[in-house]
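We name chains A, B, ... by the order of the sequence lines, and we start the count at 1 in each one.
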Amino acid sequence: MNYAWDWGLVLREPYAGWLIAGVAWTLALSAAGWALALILALPVALLRVLGSPAIRWLAGFYVSVFRNIPLILQMFVWFFVVPELMPRDLGLWVKRDMPQPEFTTAVVALGMYTSGRLAELFRSGIDAVPRGQVSAALACGLTRAQAYQYVILPQAFRIILAPLTSEFLSIVKNSSIALTIGVVELTAESRQIEDMTFHGFEAFGAATLIYVVIAFGLDRMAARLRPSALAVRT
Amino acid sequence: MIVFERVDKCYGDKPVLREVSLTVRQGEVVVICGPSGSGKSTLIKCVNALEPFQSGTIRIGEAVLGRGSLDARALRRRVGMVFQHFELYPHLDVMENLCLAQRTVLGRSRPAAEERASALLDRVGLRDKRSAMPAQLSGGQQQRIAIARALALDPEVMLFDEPTSALDPEMVNEVLDVMTGLAREGMTMMVVTHEMGFARRVADRVVFMEDGAIVEDCATDVFFGDPGTLSQRAQRFLSKVLPH
Ligand SMILES: Nc1ncnc2c1ncn2[C@@H]1O[C@H](COP(=O)(O)OP(=O)(O)OP(=O)(O)O)[C@@H](O)[C@H]1O
Ligand SMILES: [Mg+2]
C-alpha cells in the first residue's frame, strides 16, 4: 500500500483544534442529552409502576416508542418532520432562529431516546426490590411517596448502578449520530479532516482513540462515585 | 382495643375472610393459628390497613376502618408490625432503620430519635450492633431489630406475622423472649405463630382459623387443657403442631 503515514497531522493546527472542538460538542451533546433523559425517565418509570392502568399503558407506550425506534430515524423525525407539524411561526423559529438548531434538536432526540431506555432500566430496578419493603415502610406510617423516596428508590438505584454506567457510555457513542443532522461533533470532525487531507486512517484513528479515552475516564469516574453513592442518610 | 365486626374480604371471587368477628382487649395477647392459606396474615394486615376489606368494620381504639375514609397513616403509627421475613431496610444501618420512621413520620429530631433507638437496642440486647448493616446480622438479630423498629414509634398495639418461622431453630427463643417481655409489660399483641409453647405460656387467648373463618376462639387454658371441646379440625391441627 502506497500511503504516506502522517500521525503528526492530527496534532497540528487547524486539525488539532477541530478535534478538540469535536470532543467539546460530543461531551456537550452527551451531558445535555443525559440530563434530559434523567429528568424524563424517573417520572415515566414511577408512572409505569404506580399509575392507574391507563397511565401505566401510556408510560409503557412512551418507553416502547422512544426505545425501539432507531435513533437515527428519531433524529431525522425531530429535525425534518416535527418542525413542519408545528404552527407555522414556531416551526420557522425552530428551523432558523432557535439558538443552535441542529445541536438543540440532537439533544432532544438523544435525550428522548435515552429516556426510554432509562425508564425501562429504572422500572426493572424498582421491580427488583422485594415487595415486602413497601409494606414494611407503609406499616411504619410512611406515605407511599416517602416509602419510594427513602426505601424503594435507593435500593433500586443500587441495583441498576452498573447498567446505568454503561448507559452513559452508550449515550457518548450514540451522540455521533447527531452528525447526520449537521452537528459537527467528534466523528464529523474526523470525517472533515479526512475530506481535507485524505489522511482518513490518522483522522479516524485519532477519533477512535479519543472515544476510548473518554469511555475509560467515565468508567473510572463512575467506579469512584459508586461507594459514595451507596451511602445514604435520612 | 381491637374489635372486628363481621369482616369479609375476598380476592376476586375467592373469599379470604368470612364474617370474622374478634375482640382483643387492651393488654391482651391473642395467638392466631391455623393451616396455611387460612387467612391469618390477611387478618392481621387488615388491622393496620395494609389490606382493604369489603364489608364489616374494624375498630382500633377510636379509629374505625371500613366506614368511610380514614387516615391510614395516623392509624399505622399506633400499630407496630413485625413480618416473617424481617423486612429491615437493607441499604440502611441498624440505627438508620430505627430512626427513619421516627424522623419522617413522627418528626423527631435526630438526637431524640437516636436516643429512643439506643434504648430499644439495649432492650433487645443488640446495643453493639447500632452501626451494623442488616446483612451482617443473623436472622434472630434481624428480627429483634425489626421489633425494635416497630416499637420506636411507641405503638399501642403490636402485630406479629409468623415472626419466628423464617428462623433457624436455635434463634427462635431469642425472639420469643423479647416478645414475652413485651407481653409481660402489658402490650396488646396479635401474634400469628405456630409456636405452641409460646402460646401456652404467654397468650391470653388462642384463635384457630380455617378457610377464612374463625373456628375456635377460646382462653389459652381451655385450648390446651381441654382439647376435647374443640372442633375436629382444630384437634387435628393441634396434634400436628404439638410435640407428642
Ligand atoms: N394478593 C393476593 N391475591 C390473591 N390471593 C391472595 C393474595 N394474598 C393472599 N391470597 C390468598 O388468600 C388466602 C389467605 O392468605 P393468607 O396469606 O392470609 O394465609 P395465611 O393463613 O397467612 O397462610 P400462611 O400460613 O401460608 O402464611 C390464601 O388462599 C391465599 O392464596
Ligand atoms: Mg401468612
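In this structure, the side chains of B:Met81 and A:Ser135 stay at 4.5 Å or more apart for every pair of heavy atoms.
Residue B:Arg78 places its CZ atom among more than 12 non-hydrogen atoms of other residues, nucleotides or ligands, all under 6.0 Å distant. No more than 12 heavy atoms of other residues, nucleotides or ligands shown are found within 6.0 angstrom of CZ on A:Arg191. Within a 6.0 Å sphere centred on CZ of A:Phe216, other residues, nucleotides and ligands contribute 12 heavy atoms or fewer. Residue B:Gln54 qualifies as enclosed at atom CD: its count of foreign heavy atoms under 6.0 Å is above 12. Heavy atoms from other residues, nucleotides or ligands lying under 6.0 Å from CZ of A:Arg144 number 12 at most.
By number of non-hydrogen pairs under 4.5 angstrom with chain A, the leading residue of B:Pro90, B:Ala152, B:Gly80 is B:Pro90.
Rounding to the nearest 0.5 Å places CD1 of A:Ile152 at 8.0 Å from NE2 of B:His91. To the nearest 0.5 Å, the span separating CD on B:Glu87 from SG on A:Cys140 amounts to 11.0 Å.
When atom types are taken as modelled, the side chain of B:Arg76 and the backbone of A:Ala139 share no donor-acceptor pair closer than 3.5 angstrom.
Heavy atoms closer than 4.5 Å to chain B are found in both the backbone and the side chain of A:Gln133. Contacts of B:Val79 with chain A are made by backbone atoms alone, with heavy-atom separations under 4.5 Å and no side-chain atom involved.
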